[in-house]
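Here is how names work: the chains are called A, B, and so on, in the same order as the sequence lines, proteins then strands, and each is numbered from 1. Here the structure is a predicted model, which is why all the values come from computation and not from measurement. The figures here come from the full heavy-atom set of this structure, side chains too, leaving out hydrogens, waters and symmetry mates.
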Amino acid sequence: MAGTERVSVPELPEVETIVRELRPHLVGRRIRSAQVLRPTVCTFSADQLRGAVVRRIERRGKYILVHLDRRGTTPVLAFHLGMTGQLLRASPDLPPDKHTHIVLRLSGLADELRFRDVRRFGEACLYRSPPDLHRALLDRLGPEAHTVTSTQLARAAWTSSRPIKPLLMDQEKVAGLGNIYTDESLWQARLHPLRPSDSLSADELGELAFCTRAVLREAVGDRGSSVDDYLTPDGSAGRYQQRHAVYGRPGEPCPRCSAAIERIRLQGRGTHFCPKCQSAPGHGDDRED
DNA sequence: CCGACGTCCTGCTAGC
DNA sequence: TGCTAGCAGGACGTCG
């Protein structure tokens, strides 16, 4: 793959794709055995999982939540994939590599489930109960990005003067967006990533909410973006990267106006936008329609 | 309260 | 050719 972007960071569409793929394989099965190959990436020991039955699996923000049933308790296993995390089904005949940190074997499932993470920004946490999970994790997350409304966006945006891009990536404000889909949503909404959040009009925030939902819906339909090594648990790749308008395309023509896509650094993140049709802050907001 | 910045980690690549 | 420095970034801790 050409370009300077080599890493595919799992965001809402990738995590949703993983959850959908795993669900029919995991739900109802019992964890026969668990191996923790690298204890630093998780908060539990292998024997805390043994014998647990998977009741359901869901996504919240970028978290994968595996609800368990074990000896009358209902613990929840939560995965965050960080930048390079993967949940893969793999044959036990293939020895796990050095980046495989957790291995689960389930009753009635030939493949084992592996948590693999090259850069180890991801982690797996075990919570004692759903209320514990909410207190420690879920209550801190903002509304889901794929259903976010203009009202919800306005509530977050109008109380902050920080640029709109880092606000969208703040999981306490909106849950599920990362670098790729934030850049794509802002391009779709014709908003410059540096625009102060509290400078956005109700109309602009309405458009941003609409575009964010649309981008995520299409990306989920394409089973996410595969930029380099992101794969779904069955080993297949997503294809939304073919539709990226700006992300990973510095210097290429904007699909809307043909101006060259720019790339800047914003709070340490590579940020891609069209300098022509995403009007710069302080240069007026007149847009053609 | 808010935001900027350093930290974690590995693999790839530009440059000497 | 082989080395190293730099870069990529999600979330969190620290500092101003």
### Query
Are OP1 or OP2 of C:dG10 and a side-chain N or O of A:His80 less than 4.0 angstrom apart?
no

### Query
Taking CG from A:Leu81 and C1' from C:dG9, how many angstroms apart are they, rounded to a whole number?
14 Å

### Task
Assess the side chains of A:Glu14 and A:Tyr181: does a donor N or O sit below 3.5 Å from an acceptor N or O?
yes

### Message
Any carboxylate oxygen within less than 4.0 angstrom of a Lys/Arg side-chain nitrogen, looking at A:Arg89 and A:Glu112?
### Response
no

### Task
Decide yes or no for A:Phe44 and A:Val36: does some side-chain heavy atom of the first lie under 4.5 Å from some side-chain heavy atom of the second?
yes

### Task
Provide, to the nearest angstrom, the distance between the CG atom belonging to A:Asn179 and the P atom belonging to C:dC7.
16 Å

### Query
Is there a Watson-Crick or G-U wobble partner for C:dC7 with both distances under 3.5 Å, and which nucleotide is it?
B:dG11

### Side chains of A:Glu58 and A:His67, donor plus acceptor under 3.5 Å
yes

### Query
Counting any heavy atom closer than 4.0 Å, what does A:Gly268 reach on the DNA or RNA strands: base, sugar-phosphate only, or nothing?
sugar-phosphate

### Query
Given atom CZ of A:Arg265 and atom C1' of C:dA8, what is their separation to the nearest angstrom?
8 Å

### Query
Nearest-Å distance, NZ (A:Lys62) to C1' (C:dA11)?
9 Å

### Atom-to-atom span, CD of A:Gln86 to P of B:dG11 - whole angstrom
13 Å

### Message
So, under a plain 3.5 Å distance rule, would you say the side chain of A:Arg119 forms a donor-acceptor pair with the base of C:dA8?
### Response
yes

### Query
Between atom CG in A:Leu177 and atom P in C:dG9, what is the gap in whole Å?
16 Å

### Task
Using the six-membered ring for Trp and the full ring for Phe, Tyr or His, decide whether A:Phe121 stacks on the six-membered base ring of C:dG10 (centres under 5.5 Å, planes under 30°).
yes

### Query
Does A:Lys98 make a side-chain N or O approach to OP1 or OP2 of B:dC9 shorter than 4.0 Å?
no

### Query
So what does A:Arg269 hit on the nucleic acid, given a heavy-atom distance under 4.0 Å: a base, only sugar-phosphate, or nothing?
base

### Query
Is a side-chain donor-acceptor pair under 3.5 Å present for A:Arg190 with A:Gln278?
no

### Query
Between B:dG3 and A:Ser160, is there an OP1 or OP2 to side-chain N/O distance shorter than 4.0 Å?
yes

### Contact under 4.0 Å: A:Gln267 side-chain N or O vs B:dG3 OP1/OP2
no

### Query
How long is the line joining CZ of A:Arg162 and P of B:dA4, in whole Å?
8 Å

### Message
Whole angstroms only, please: what is the CD1-C1' distance between A:Ile180 and C:dG9?
### Response
11 Å

### A:His99 side-chain N/O to B:dG11 phosphate OP1/OP2 under 4.0 Å
yes

